[in-house]
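Quick notes on the structure that follows.
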Amino acid sequence: MKPTDVSDPQYYHRVVDCQWACPAHTNVPEYIRLIAQGRYTESYLLNRESNVFPGILGRTCDRPCEPACRRGRIEAKPVAICRLKRVASDYRGDITGQLPTAPEQRNGKRIALIGCGPASLTVANDLAPLGYELTIFDKLGETGGLMRTNIPKFRLPPRVLDEEIDVILDMGVDLRLGHEITSLEAFLDEHDYDAVFIGSGAPKGKDLDIPGRQEAEPFIEIGITWLESVAFGHVTEIEGRVLIIGVGNTAMDCCRTSKRLGATDIKVMGRRGRRHFKASPWELEDAEEELIEIVENHSPKEFVLENGKLKGMTFAVHEWVTGEDGKERQEPVGEVFLPADRVILAIGQEAAFPWVERDIGIEFDEWGMLRVDKTTFMTTRAGVFVGGDAAWGPENIIWAVEHGHQAAISIHQYCRGLPIEERPPVGLNLISQKMGLAQWSYSNYYDFGLRAKMEHVDLSTRFESLDIEVEKGFDLEQTLEEVERCLNCDIQTHFTDHLCIECDACLDICPVHCLTITHNAEEAELRLQVPAPATNLDQPLFASGELPQTRRIMVKDEDLCIHCGLCAERCPTAAWDMRKFEFLQPYAGRSIEPVEELTHV
Amino acid sequence: MSSITKPLIVTRKLERNALGLTRLDYEGEMSTLCAGCGHDAITAGIVQAFFDLALPPHRAVKLSGIGCSSKTTAYLVSQGHGLNAVHGRMPAVASGANAANRSLTYVGISGDGDSLSIGLGQLCHAIRRNVNMLYVLENNGVYGLTKGQFSASTDVGSKSKRGASNQEGPIDPVLLALSLGATFVARGFSGDKEQLVPLLMAGLQHQGFAFVDVLSPCVTFNDHEGSTKSYTFIRKSRQEAAGFVPYQAEIATQYGAGSVQPITMHDGTVLYLRKIDEDYDPTDRAGAFSYVSERQAKGEIVTGLLHIKQDGGDMHDRERTVATPLRDLSFDELCPGTAGLDRLMDEYL
Ligand SMILES: Cc1cc2nc3c(=O)[nH]c(=O)nc-3n(C[C@H](O)[C@H](O)[C@H](O)COP(=O)(O)OP(=O)(O)OC[C@H]3O[C@@H](n4cnc5c(N)ncnc54)[C@H](O)[C@@H]3O)c2cc1C
Ligand SMILES: Cc1ncc(C[n+]2csc(CCOP(=O)(O)OP(=O)(O)O)c2C)c(N)n1
Ligand code: SF4
Ligand code: SF4
Ligand code: SF4
Ligand SMILES: [Mg+2]
């Protein structure tokens, strides 16, 4: 195996599991340490750098970081990364004066942003400080896109939305609400923008084409449209027995909203088993806590009407059996009729571009989606960029944010006549955390505490109105315990091979047995040489260069390392050192600034 | 010293032995020795040997004298019994304990100062008695605990950290043991567990006194240039004569069948000896003595299993000690009574 090149920023980046999994590469361990030190405002601002909406995301993020969290591989549950983000937002002080501002003197370039969701807002956030003149158009009368129209207020209070959106708009963005773009061709002809960003989302809810659909129309709602009507106060009640078809995020918000609008009996109908549900486990738990029934293995067959009134639906019921080949198969076991007064369809959504002409140089793919370059986010028409759900279909807020950052970089290049394929480089800082003999700048002890449980508003009061936020946020005591669960994966075990005297002290002390010194071999073989064999192939294996005394090499399995620093503490020569790794990401107009070059690798 | 104690983390990858125990069950307190001390690696080796042999930790007895090396009994098998004897006096305590209860596993840990200076006489007699125990001499060529004075194993010409050169000839623990008729003599190196752990495992299974001299660099006082007990010097001068194959399964895969020789131990277990040097016969005591001393004259340090004698007869055989631990004997069995005592007295009068 070749010696690992740790000067490549992506190597150590990958070790920081949460940051690696976060689409925007939020520096999670650092923000958690700032919270631990009571520096909530700094923690908030650090979050804002990469994810722009810490208060919103601290409540609603899809949190791909949590399933990735190292803690989840050591014990059962990951660090409550997302809710700690909310802590930074809840406890922060005044940040005015610490936010980016737009310069007095504009740079003369005019950019149009279509849609006022998180994708467009991120582009605006990045470009406004560079002097761009930005205009955001949205067909609706309010800002925020799906964050406002579809995420219910009991999960995301409007005040949090307003606060974080206003920070961006206050940089002098020209906001045109209630302004729908109905023809992109006309729009491009009429205005002479230097670049256009399409952040129009994926606003079309999918329909269910089964017998009875037409006749049952008055009793059927399309999930995302219905949620929007609720958000704007056009719908204030739903009565009787409600069936929700689909078990994704939208279904979860629909069922919990129904509960608050007066429905008496709510069932969420899943076609497959629980393992396959699109909704996150925590969403399912939250719905079940509200006594909503989630039904598995039921495929909708027919809407049943009587005298023009909906009576209910029939479902084909399946069972999953494991065949001889070890594969799971669906087997029909019967049919049931479930009575219902209303049905909400929550089976997915898609982007739709009836307002984009097909002959204006913008190519579409076979599914009617725009052809978008994966790195530059530009369409096939120069100067027209896309991001968020509009780019490749529905994702989530944090992906929309990351798309926005990348598109902003492209727009900035484009407007300066620079090639947009040329991306500014990422980089790293790596700084020793040694404070003295066996003393480190971070809390390196492994804390055995269990994941803090989010407190919820009492079931007896939470349904009184639609806008009672259910989650209470962590109190200080919970916060202090939860921050200690973070393993500080960004504090890297950094190895300098020529210093090692092969005393074995590090190998022997390591609590998770992830180190070995051995003769070089193929990676697959080295993986078995580690005392606790490195069988998780998703995790990298570190290999050093040859050690001076025996020409063997140091091998480390990154999988279970708890970053306790004991290897470095027991090393007599400081061949192991604990160094804080900072992943440096460029943003539009802001290239990276490494403060310390990696001296010996 | 470390600022935190090692957290006991049970991960999905933690291996279990025949008793269902993990390596953690054989560990002890956090070491307070200097970072990089060879003694810590030996501790880890003993832990590994106990784990691999699936010895019940609560039936281990850890005995030592005084010194950095002697401190290490606290860092392993915390469920075992233990005693830090007066400097150099561990062998006497080990003999007594062994006489009182032969059903336990005895491990003595000592240093070159503890065993070859102040405790030399004690060691010699324990060897002669063939006390049934594993005796590990953690040999760093200095008095580590008292800050680096030359010890009885320091080679002539070896330099102290301050540059002084040792003038007195050393006692070689291996030659000493061979000349006293030890029934199991081996030498290992703290920096090579692949060799060390099988030696320790064989020593634990040996019936009688299993003497293992382990070269163990003192990083703080004896790991500099000019020292003959430094990591670099040992690695340069070390030769292996014979060793053990830890697991039978490895015989076919890793070693040629011809170079492996089975040895049946007292309790019937079979150990597999693996020869490195074809001419070397570890059962020939005189041959071993001359082999080691000849190589030594050439500046080579011979390691591995150097001598083994299976039917030596240990202390219990010779003294005809009672097989039942004394604590399990009834008062009547333990106390001969007035009449019995009178008879005994008559024998001496
Ligand atoms: C019910 C539901 C719950 C969700 N919950 C979460 C969650 O908890 N966490 C999470 O991370 N994600 C969640 N999502 C997904 C998330 O809301 C979206 O992925 C995200 O908002 C996409 O951002 P965007 O900027 O691409 O577009 P959007 O937020 O969809 O914004 C697009 C905007 O463009 C406007 N627009 C569209 N066409 C035009 C036009 N022609 N002219 C002018 N304006 C136009 C629309 O009115 C809209 O305001 C949820 C989605 C749904 C449906
Ligand atoms: C009776 C007595 N004499 C002297 C000492 C001081 N003393 C403590 S440890 C030691 C030497 C230990 O050397 P060694 O056995 O080689 O152990 P190391 O520290 O090198 O492992 C001495 C002389 C003592 N504790 N007791
Ligand atoms: S920091 Fe070092 S000692 Fe601690 S788990 Fe990681 S490799 Fe092992
Ligand atoms: S503790 Fe340091 S010197 Fe010793 S083996 Fe580990 S890295 Fe090498
Ligand atoms: S002084 Fe020497 S023998 Fe003692 S602990 Fe330190 S390195 Fe080990
Ligand atoms: Mg010593």
Side-chain angles (χ1 to χ4, degrees), chain A residues 70 73-76 435-440 443-448 487 499-514 516-519 529-536 547-552 557 559-562 564-576, chain B residues 1-16 22-24 27-28 30-48 51-52 72 75-76 140 189-194 196-197 216-221 223-224 230-236 238:
Chain A
R70 179 174 299 265
R73 299 199 294 276
I74 309 290
E75 49 140 310
M435 306 285 283
L437 200 69
Q439 264 192 316
W440 306 100
S443 165
N444 59 330
Y445 187 66
Y446 180 88
D447 212 288
F448 284 89
L487 298 172
L499 293 177
C500 176
I501 59 169
E502 299 169 61
C503 68
D504 285 6
C506 53
L507 280 52
D508 296 338
I509 196 71
C510 177
V512 292
H513 311 284
C514 69
T516 193
I517 297 178
T518 185
H519 290 288
Q529 299 288 312
V530 180
T535 45
N536 181 357
L547 304 180
Q549 294 195 15
T550 64
R551 305 271 146 223
R552 294 179 299 169
D557 173 19
D559 186 19
L560 296 184
C561 169
I562 55 167
C564 63
L566 282 171
C567 49
E569 224 161 275
R570 297 304 293 172
C571 179
T573 64
W576 282 116
Chain B
M1 278 291 280
S2 298
S3 63
I4 60 167
T5 47
K6 174 167 159 172
L8 297 182
I9 293 176
V10 180
T11 66
R12 65 191 147 79
K13 285 184 184 172
L14 211 57
E15 207 187 323
R16 291 184 184 272
T22 69
R23 244 181 239 99
L24 299 178
E27 292 183 350
M30 277 283 278
S31 168
T32 57
L33 301 186
C34 305
C37 176
H39 299 350
D40 280 337
I42 302 171
T43 300
I46 299 173
V47 166
Q48 183 70 41
F51 171 80
D52 285 350
T72 63
Y75 314 145
L76 50 91
N140 55 14
F189 167 42
S190 67
D192 181 0
K193 286 202 200 67
E194 232 171 286
L196 178 64
V197 174
S216 173
C218 167
V219 273
T220 303
F221 299 112
D223 193 35
H224 44 266
S230 65
Y231 281 106
T232 31
F233 189 90
I234 296 168
R235 285 207 165 97
K236 224 173 44 218
R238 201 163 62 105

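The chains referred to below are lettered A, B, ... by the order of the sequence lines, with proteins before strands, and numbering in each begins at 1.
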Exercise for the section: For B:Ser216 and B:His39, indicate whether the former's side chain and the latter's backbone hold a donor-acceptor pair under 3.5 Å. Expected result: yes
Exercise for the section: Please confirm whether the backbone N or O of B:Ala35 pairs with a side-chain atom of B:Asp40, one donor and one acceptor, at under 3.5 Å? Expected result: no
Practice task
Compare all side-chain heavy atoms of A:His513 with those of B:Glu15 and state whether any distance is below 4.5 angstrom.
Solution key: no
Handout entry: Whether B:Ser230 side chain and B:Phe233 backbone form a donor-acceptor pair below 3.5 Å
Key = yes
Problem - Contacting moiety of A:Thr573, where chain B heavy atoms sit under 4.5 Å - result: neither
Practice task
Flag the one option from B:Ile9, B:Val219, B:Thr11, B:Thr220 with the top tally of heavy-atom pairs under 4.5 Å to chain A.
Solution key: B:Ile9
Practice task
Select one option (side chain, backbone, both, neither) describing which atoms of B:Val47 are under 4.5 Å from chain A's heavy atoms.
Solution key: neither
Handout entry: Heavy-atom contact with chain B under 4.5 Å, split by part of A:Cys510
Key = backbone
Exercise for the section: Could you go through the side-chain contact (heavy atoms from CB on, under 4.5 Å) check for B:Arg235 and B:Phe189 one step at a time? Expected result: CA-CA 9 Å; B:Arg235 285 207 165 97; B:Phe189 167 42; 3.8 Å; yes
Practice task
Grab the two heavy atoms, one from A:Cys506 and one from A:Cys567, that are nearest each other, plus how far apart they are.
Solution key: CB-CB, 3.7 Å
Fill in the blank from the handout: All heavy atoms of A:Cys564 vs all of A:Asn444, minimum pair found to be O-ND2, 2.9 Å
Completion exercise
If one checks every heavy atom of A:Asp559 against chain B at 4.5 Å, the contacting part turns out to be side chain
Handout entry: Part of A:Pro548 lying under 4.5 Å from any heavy atom of chain B
Key = neither
Practice task
Under 4.5 Å heavy-atom distance to chain B, tell me which part of A:Ile562 shows up: side chain, backbone, both or neither.
Solution key: side chain
Fill in the blank from the handout: Under 4.5 Å to a heavy atom of chain A? For B:Leu8 that would be backbone
Exercise for the section: Answer with side chain, backbone, both or neither: which region of A:Leu560 has an atom nearer than 4.5 Å to a non-hydrogen atom of chain B? Expected result: side chain
